[in-house]
Structure formats: C-alpha cells, structure tokens
Amino acid sequence: MRDFLLKNLNSRGKSYRPEIDGLRAFAVISVIINHFNKNILPGGYLGVDIFFVISGFVITSSLYRKPSKNFKEFLFGFYDRRIRRLFPSLLICVLITSVLICFFDPRPNISLGTGLTSLFGISNLFLLKTSTDYFAQSTQLNTFTHTWSLGVEAQFYILFPFFIWFSGFGKQKIHGSRNLFLMAGISTIASFISFLHLYPTNQPAAYFLMPSRLWEMAAGCLLFIGLQKKSYFKTFFLDKCPSLFFLLLIGVMFMPSSWAAVSIFLVVILTSLLIASIEQKTLIYKILTNPLVVYLGLISYSLYLWHWSILSLSRWTVGIYWWSIPFQVLIIFGFAAASHR
C-alpha cells in the first residue's frame with residue numbers, strides 16, 4: 001500500500017493535498033455505514049454532499065492555469081480527463097451488476113434503466129421521472145439508485161468549464177478570479193434559492209436535479225478562489241478550528257433524515273470551513289493523511305460505485321445481518337480495489 005500511495009503522490013505533483021483524499025474517505029465511509037444501517041448513522045448519506053463540495057474545489061483547482069491554445073482544446077482536454085477517470089469503472093460496475101440483478105429481480109427494468117442512463121450521466125433525471133423517493137424503502141432494491149449523484153456531477157461538468165474559460169480564470173486574465181467569483185456566487189445564490197423553494201413542495205426534484213444542487217459544488221469553487229487570498233483569509237481559521245469543524249461535521253451526521261435540508265446546508269458550510277482551516281501541524285491533518293485513510297480516499301469513487309450494488313444485490317438474496325456484514329464489506333472493498341486499479 002505504501003508503494004501505491006507514493007506512486008500516486010509523485011504523479012499528482014506538489015499541489016496535491018492528501019487531506020482532501022482523507023476527507024473523501026470520511027465521506028464515503030459515512031455513506032456506506034448509513035446504507036448498511038440507517039439507525040447507526042442517520043445522516044451518513046450527507047457524505048455525498050461532502051463529495052459535491054470537494055468536486056467543486058478540486059475541479060476549480062485542476063483547471064487553474066491549465067494551458068490550452070483555444071477553447072476547443074481546453075474543453076476536449078477537460079472531458080477527456082473526466083471520461084478516462086470516471087467512465088471505465090462505472091461501465092464495468094453497470095455491466096456486472098446488470099447481469100447479476102437479472103437472476104434475482106423478476107422485473108429488473110427500473111434497475112437496468114437506471115444503470116443504462118447512468119452511463120450517459122442522466123440517471124438522476126431517470127429517477128426523477130420514475131418518481132423515486134431517495135429515502136423510501138423501495139430505493140434499496142434498485143441496484144443503481146446511488147448513481148443519481150454521478151448524474152448531478154456529470155451535468156455540472158458540462159456547465160462549469162464554460163464558467164472557467166469565459167471568466168478568464170483559467171487563462172489567468174487580470175480580472176479572471178473576480179469574474180469567476182461573481183459567476184459562481186450568483187449561481188450559488190440562485191441554486192440555493194431553488195433548493196429551498198423545491199424542497200418543501202417537490203423533494204425528489206430538489207434532491208435529484210443539478211440546478212438545485214449546483215450551489216454545493218459552486219461553494220467549493222468559491223472556496224478555492226478565496227484561498228488564493230491566503231494572507232487574510234486563512235488567518236481566521238488557524239489554531240483549533242479544524243478539530244471543531246470536524247467534530248461538528250460528525251455531529252450533523254446524527255441528525256434525522258427529516259432535517260435533511262438543514263443538514264445539507266450545515267454539511268456544505270462545515271466542509272468548506274474544514275478544507276479552509278486544515279494546516280499540516282493540526283491533529284485533523286495527521287488523521288486525514290494517515291496512509292490507510294488516504295488510500296480509502298483514493299479508491300472512494302470505486303467504493304461508492306460498488307457498495308450500493310453489493311448491498312442491493314444482498315437485499316435480493318441473503319439479506320444484511322450482523323453475520324453477513326464482514327463478508328459484504330470484504331466483497332465491497334475487493335471489488336473497489338480491483339476496479340480502481
């Protein structure tokens with residue numbers, strides 16, 4: 001594992017922040033615990049919202065000063081990197097899971113439809129069309145319900161490169177950072193208002209649609225821009241703040257699902273504050289950069305893909321019991337590690 005981590009560290013360059021992968025590990029483990037048993041960690045599903053903030057932050061960072069001759073080269077380069085990183089593992093997961101579910105589900109159409117649309121980044125729209133309630137018991141039998149978040153991110157990836165290029169941020173124009181900050185700020189406000197408006201009246205739409213989730217990823221973008229002004233921005237967050245933010249983040253995970261709208265807002269804020277405040281000498285940094293934690297973060301995408309499929313197939317077959325959990329965990333991690341490699 002150490003050789004694997006060193007290889008990844010060397011390939012990612014000096015700008016790589018291992019604590020971000022550590023935070024990914026925390027997010028995916030929270031999701032997995034929640035999906036094993038909601039009573040243990042009622043708000044563990046909020047790990048997805050942590051992923052959204054991280055995505056906005058990391059994508060903005062990766063496109064910062066990205067050399068490109070023209071917009072076409074910039075756009076195709078971005079999509080090429082995204083597809084290479086995300087699509088192969090998703091395709092393998094969808095193919096294997098689709099074959100297996102046909103043996104156990106007499107009517108696998110919903111699962112197969114969700115899996116197929118996930119390959120095109122629109123499974124969130126498919127789930128919305130089928131009037132899926134994420135918190136309903138029936139969603140646990142759809143082997144690809146979890147791909148809704150991949151659809152949201154895929155649709156964000158369609159929009160966001162245009163923000164980066166036309167703001168001038170990616171080309172380091174004089175007012176590029178300011179322009180992107182304004183564009184992302186306006187989008188954040190509009191998206192958050194739509195989320196608050198939709199949630200009481202149409203919860204599936206608020207949950208599954210990209211426009212009502214955009215504010216979470218845009219928050220990560222705003223955070224990256226803000227951190228470029230380290231001289232006054234980071235001073236506020238030093239000392240013991242990271243530990244406080246991390247403990248509060250864990251506390252939100254225990255809030256009931258009926259408080260989902262409030263919980264999502266708190267998680268986005270706390271995740272942003274945590275990323276902004278982590279310093280190398282802090283305890284949280286040491287925890288999140290532990291080699292095992294970083295490794296889990298590096299394979300978090302594969303863990304997320306496979307955990308739900310394995311759990312859903314388990315519900316169709318042997319079930320999920322105290323005696324089955326160790327075997328199911330091993331299967332999930334086995335498939336995730338192989339898929340990542």
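Side chain of Q155 to main chain of G121: a donor-acceptor pair is present (N/O by atom type, distance under 3.5 Å, no hydrogens or angles). Under the 3.5 Å distance criterion, the side-chain polar atoms of S312 are left unmatched by any main-chain donor or acceptor of S309. For the pair T130 (side chain) and F126 (backbone), a donor-acceptor distance under 3.5 Å is present. The backbone N or O of S30 lies less than 3.5 Å from no partner atom in the side chain of N34, so there is not a single donor-acceptor pair. Remark: the backbone N or O of G77 is paired with a side-chain donor or acceptor of R81 at under 3.5 angstrom. Of the possible donor and acceptor atoms, none in the side chain of S123 sits under 3.5 Å from a partner among the backbone N and O of T117. S194 places a side-chain N or O within donor-acceptor distance of the main-chain N or O of S191, the cut-off being under 3.5 Å.
Listed here is the closest heavy atom pair of H197 and T201: O-OG1, 3.3 Å. Of all the heavy atoms in C102 and P108, the pair that sits closest is SG-CG, 4.3 Å. The minimum heavy-atom distance linking M210 with N124 is given by the pair N-ND2, 4.2 Å. Nearest heavy-atom pair across A25 and G297 is CB-N, 3.6 Å. Contact between G185 and L222 at its shortest, heavy atoms only, is N-CD2, 3.8 Å.
Ring planes of Y207 and W148: tilted class, angle from 30 to 60°. In this pair, H146 and H307 present their aromatic rings perpendicular. The plane angle is above 60°, beyond the 30 to 60° band. Between F195 and W215, the angle of the ring planes lies from 30° to 60°, which puts this pair in the tilted group.
How far OG of S55 is from CD1 of I50: 12.0 Å, rounded to the nearest 0.5 Å. With values rounded to the nearest 0.5 angstrom, L95 atom CG is found 9.0 Å from L90 atom CG. Taken to the nearest 0.5 Å, the CD1 atom of I278 stands 9.0 Å off from the OH atom of Y285.
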Assess the residue pair D21 and Y16 against the criterion (side chain to side chain donor-acceptor pair (under 3.5 Å)); give the C-alpha distance rounded to whole Å, side-chain angles, the decisive distance to 0.1 Å, and a yes or no.
CA-CA 9 Å; D21 274 321; Y16 172 60; 2.4 Å; yes

Run the side chain to side chain donor-acceptor pair (under 3.5 Å) test on Y304 and S149 for me, step by step, so that the C-alpha distance in whole Å, both residues' side-chain angles and the decisive distance to 0.1 Å come before the verdict. CA-CA 10 Å; Y304 183 78; S149 65; 2.9 Å; yes

Practice problem: With ring-ring contact (aromatic ring centres under 6.0 Å, His included) as the test, would you mind laying out the steps for F52 and F156 before giving the verdict? | Solution: CA-CA 10 Å; F52 284 160; F156 172 73; 8.8 Å; no

| field | Trace of the ring-ring contact (aromatic ring centres under 6.0 Å, His included) decision for F162 with F71 | value | CA-CA 9 Å; F162 290 86; F71 180 59; 5.3 Å; yes

Report task. I would like to know whether F192 and F265 meet ring-ring contact (aromatic ring centres under 6.0 Å, His included); could you show each step before the answer? Result -> CA-CA 9 Å; F192 186 59; F265 174 75; 5.5 Å; yes

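For an aromatic pair to be called close, the ring centres must be under 6.0 Å apart, and F246 with F26 satisfies this. Ring-centre distance between Y157 and Y79: not below the 6.0 Å cut-off.
Cluster annotation: Y45 and F254 are assigned to the same hydrophobic cluster (Ile/Leu/Val/Met/Phe/Trp/Tyr, side-chain heavy-atom contacts under 4.5 Å, transitive). Note on V318: it does not cluster hydrophobically with W316, by side-chain heavy-atom contacts below 4.5 Å among ILVMFWY residues. In the hydrophobic clustering of ILVMFWY residues, with side-chain heavy atoms under 4.5 Å counting as a link, F87 and L150 come out together. Residues I275 and F181 share a single hydrophobic cluster, defined by chaining ILVMFWY side chains whose heavy atoms lie under 4.5 Å apart. Both L266 and I250 sit in one connected hydrophobic cluster of ILVMFWY residues. Membership requires side-chain heavy atoms under 4.5 Å apart, directly or through other members.
Contact check for N142 versus L127: side-chain heavy atoms found under the 4.5 Å cut-off. The side-chain heavy atoms of P242 and S277, taken from C-beta on, include a pair separated by under 4.5 Å. In this structure, the side chains of L86 and E153 stay at 4.5 Å or more apart for every pair of heavy atoms. At a threshold of 4.5 Å between non-hydrogen side-chain atoms, the residues V31 and W308 do not count as touching. No side-chain heavy atom of F224 sits less than 4.5 Å from a side-chain heavy atom of I59. The shortest distance between side-chain heavy atoms of F78 and F160 does not fall below 4.5 Å. Contact of the Q140 side chain with the L311 side chain is not registered, since no non-hydrogen atoms from C-beta on lie closer than 4.5 Å. Two residues are said to be in side-chain contact when any heavy atoms from C-beta on lie closer than 4.5 Å; S111 and S98 fail this criterion.
Among residues at least two apart or in separate chains, salt bridge (charged side-chain N to carboxylate O under 4.0 Å, His left out) pairs with a member in residues 40-63 are D49-R213.
Contacts of Q328 classified as side-chain hydrogen bond (donor to acceptor under 3.5 Å, both in side chains), with partners at least two apart in sequence or in another chain: S314, S324. Here R107 pairs with nothing under the salt bridge (Lys or Arg N to Asp or Glu O under 4.0 Å) rule; sequence neighbours left out.
Among the candidates F335, F144, Y301, the single residue satisfying the ring pair (Phe, Tyr, Trp, His ring centres under 6.0 Å) test with W306 is F335. Applying side-chain contact (heavy atoms from CB on, under 4.5 Å) to E19 and the options V294, T289, L274, T282 leaves one that passes, T289.
Shown here is F104, whose CZ atom has more than 12 heavy atoms of other residues, nucleotides or ligands within 6.0 Å.
A donor-acceptor pair shorter than 3.5 Å cannot be found between the side chains of T97 and T143.
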